[in-house]
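FYI, the numbering just counts along the sequence from 1.
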Amino acid sequence: MRLEIITPDRKVFEGEVTSAVFPGIAGQFEVLNNHAPLISALQAGEVRINSAAGRESFQVSGGVVEVLRNNVTVLAESVLA
């Protein structure tokens with residue numbers, strides 16, 4: 001599935017991933033290939049992704065995630081390195 005992590009001033013990540021874990025406001029959740037459509041608010045925390053290149057993580061300060069037809073878009077307030 002394709003994942004994009006975007007902040008108001010830059011694109012932080014774009015690429016193919018096998019799974020992603022998000023800090024939802026109602027708790028942590030994981031998105032896999034062919035996930036049902038979803039929109040969720042994010043709280044401050046760690047976004048963890050797995051891809052063919054390995055594992056990566058990003059600290060977000062909050063935002064929104066949308067999952068639709070194997071496209072996952074994260075609109076983050078900010079991302080810390």
- Query: Would V74 and I6 show up in the same hydrophobic cluster when neighbours are defined by side-chain heavy atoms closer than 4.5 Å?
  - Reply: no
- Locate the shortest heavy-atom distance separating V60 from A76; write the atom from each residue and the value. CG1-CB, 4.1 Å
- Item | Test side chain to side chain donor-acceptor pair (under 3.5 Å) applied to E46 - qualifying residues, sequence neighbours left out | S57
- Message: Going by side-chain contact (heavy atoms from CB on, under 4.5 Å), name the residues that satisfy it together with E14, two or more places apart in sequence or in a different chain.
- Response: R2, E4, K11
- Message: Within this structure, what is the CZ-OG1 distance for the pair F58 and T7, rounded to the nearest 0.5 Å?
- Response: 11.5 Å
Please tabulate, for side-chain N and O atoms in residues 19-44, each donor-acceptor pair with protein atoms closer than 3.5 Å (sequence neighbours left out).
| unit_1 | atom_1 | unit_2 | atom_2 | d |
| --- | --- | --- | --- | --- |
| S19 | OG | N50 | ND2 | 2.9 |
| N33 | OD1 | N70 | ND2 | 3.2 |
| N34 | OD1 | N70 | ND2 | 3.0 |

- Query: Can you get from L75 to M1 by hopping between Ile, Leu, Val, Met, Phe, Trp and Tyr side chains that sit under 4.5 Å apart?
  - Reply: no
- Message: Quick check on the hydrophobic clustering: are V12 and I49 connected, directly or via other members, by side-chain heavy-atom contacts under 4.5 Å?
- Response: yes
